[in-house]
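Encoded as structure tokens, the structure appears first; notes follow it.
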Amino acid sequence: MSDLRDLYQEVIFDHNRHPRNFGPLPEANRHADGFNPLCGDRLTLHLRVEGGVIREARFEGAGCAISTASASLMTEALKGKTEAEAATLFEGFHHMVKGEPVSVDLGKLSVLAGVSEFPARVKCATLAWHTLNAALKNEPEPVSTE
Amino acid sequence: MDDVQSLRRQFPILSRQVHGRPLVYLDNAATTQKPLAVIEAERHYYEFQNANIHRGVHALSQEATDAFEAARDTVRAFLNAPRREEIVFTRGATEAINLVAHSWGRSNLAAGDEILVSEMEHHANIVPWQLLCEATGAVLKVIPIDERGALVPGAFESLLGPRTRLVGITQVSNALGTVNPVADIVRKAHQAGALVLVDGAQAVAHLSVDVSALDCDFFVFSGHKLYGPTGIGVLYGKRDLLEKMPPYQGGGDMIAQVTFKKTTYNELPYKFEAGTPHIAGAVGLGAAIDFVRSVGLEAIAAHEDALLAQATRLAGEFQGLQVIGTAPGKASILSFVMKGVHPHDIGTILDREGVAIRTGHHCAMPVMDHYHLPATARASFALYNTPDEVDALFRALRRVEELFLK
Ligand SMILES: Cc1ncc(COP(=O)(O)O)c(C=O)c1O
């Protein structure tokens with residue numbers, strides 16, 4: 001039996017209580033809204049992208065501990081990454097939360113590995129990343145995890 | 001009511017474990033568990049009687065038809081409907097509402113006509129009317145709820161007008177537990193010349209319903225929330241109305257005669273039952289109703305009221321926990337939020353303790369918007385739940401608190 005502590009690691013509680021990069025970003029040039037209709041979680045992601053590099057990433061919204069911590073950790077991981085690097089991270093992250101082998105170094109993002117034992121929560125962990133995808137493509141419609 | 005423990009033994013699933021703990025099933029508003037009587041009735045049907053109905057001359061077809069039609073009689077008696085042809089089998093409450101919106105709605109509504117629903121409706125009693133309004137130019141109006149989750153006093157009366165053609169109202173709210181004064185609503189709607197559809201999906205397992213006394217025009221419910229199978233439900237409609245309504249779907253069973261020039265439709269209720277229905281489901285539903293009647297709805301209500309009172313008291317003693325839906329005389333549902341913890345996280349942690357509850361918007365997003373919440377956690381009680389299980393729920397909530405707030 002997988003323990004709740006595998007899912008709810010201290011780092012996750014910390015990011016849930018004190019989300020990093022939380023709030024508006026007036027100088028952003030990319031935005032997207034994400035929505036998980038299953039649980040009502042919503043988040044808005046703001047990015048400042050210059051020459052293909054993500055300089056700033058901030059988010060707003062309300063969600064469960066997993067989606068909030070995931071968004072917070074993601075915004076930290078994105079800074080300074082190229083769009084291609086961000087896409088690679090998303091791919092690796094996606095494999096990790098699905099319990100599949102991961103070939104990239106996910107750094108701090110790996111505290112979310114426990115999600116793979118809780119299939120009902122995978123969408124919470126990936127909401128921020130789907131929203132990132134939309135922001136990079138500058139999609140006007142909110143993305144949904146469904 | 002019979003001894004709870006002996007009732008529990010009739011529900012095999014209740015003795016299983018989840019994540020190494022005894023299952024505490026408190027998601028009954030989503031769907032109830034099934035007693036042996038229902039499981040056996042379906043099994044018996046498939047083992048001994050299975051055939052298609054209304055079309056064979058052979059023995060099995062006749063037996064299957066008899067079993068299916070006997071279930072209709074059981075439903076008729078359960079709702080105290082005047083006539084058996086007023087009972088239409090559907091896939092569930094959702095399909096029953098869509099049937100009325102489509103068949104009655106499209107042949108009766110004109111631009112500017114009004115449909116009234118309440119703010120606490122399930123999406124199943126909102127979206128079919130929105131589709132109807134889009135198609136006809138009719139207008140959907142909403143009876144607001146107050147902070148307790150009850151209809152705002154007087155709001156219904158002031159919205160009811162000369163253009164109101166139908167009122168769609170839930171008897172019991174699935175998100176809040178509120179019990180609506182449907183008899184009063186029917187009386188006033190009729191005085192204003194409007195029809196009333198009562199969504200009984202959450203009501204039938206908790207209150208005894210008498211559609212003749214209620215005088216509603218349509219009443220819908222789903223078998224699976226009444227200890228019966230999924231995929232079977234009921235539309236009750238007054239015969240005069242059903243007779244004038246065009247078919248909802250076309251196909252086999254619903255016709256009298258088909259030629260390429262003209263097709264004539266079968267009589268009620270078959271006009272609304274196109275295609276092979278869920279025969280085993282109807283048989284199972286009949287068995288579920290017999291089961292519920294043998295336990296007794298009054299006894300069930302008293303038992304559940306006690307559980308709800310216990311849960312409400314424990315919720316009141318729990319710091320940081322807020323009950324959503326505090327109308328007087330609620331039925332069997334405790335919706336709540338916890339300060340600092342998202343309902344989704346509550347649901348995951350409770351699940352690991354063996355406690356199954358529902359978290360989310362409960363297909364009632366307007367209710368969530370009303371309380372400015374993305375979601376709530378909801379425990380809902382059935383005849384087989386025990387005071388120990390209510391205690392287990394609150395022990396598990398203490399675990400949530402430990403993990404999240406310490
Ligand atoms: C009040 C209410 N109406 C309608 C429905 C829809 O029932 P079904 O999904 O069985 O058609 C539900 C189910 O959750 C409900 O609670």
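Atom set for the values below is all heavy atoms of this structure, side chains included, hydrogens, waters and symmetry mates excluded. Proteins get letters first, then strands, A, B, ... in listed order; numbering begins at 1 in each. What you see is a predicted model, and the numbers here were worked out from it, not measured in a lab.
- A 6.0 Å sphere centred on CZ of Arg91(B) holds no more than 12 heavy atoms belonging to other residues, nucleotides or ligands.
- No donor-acceptor pair closer than 3.5 Å links the side chain of Arg121(A) to the backbone N or O of Thr348(B).
- Shown here is Gln319(B), whose CD atom has no more than 12 heavy atoms of other residues, nucleotides or ligands within 6.0 Å.
- For Met365(B), the part lying near chain A is the side chain, with the backbone staying farther off; criterion is any non-hydrogen pair under 4.5 Å.
- Once rounded to the nearest 0.5 Å, the distance linking CG of Leu403(B) with OH of Tyr8(A) reads 8.5 Å.
- The residue from Asp351(B), Ile349(B), Val400(B) that alone fulfils the side-chain contact (heavy atoms from CB on, under 4.5 Å) condition with Leu4(A) is Ile349(B).
- Atom CG of Asp345(B) is separated from atom CZ of Phe13(A) by 8.0 Å, given to the nearest 0.5 angstrom.
- Using a 4.5 Å heavy-atom cut-off against chain B, the contacting residues of residues 57-88 of chain A are Gly63(A), Cys64(A), Ala65(A), Ile66(A).
- Asn36(A) and His344(B) are not linked by any side-chain donor-acceptor pair at a separation below 3.5 angstrom, with hydrogens and angles left out of the test.
- Side-chain contact between Asp3(A) and Arg352(B): absent, with no pair of heavy atoms (C-beta onward) separated by less than 4.5 Å.
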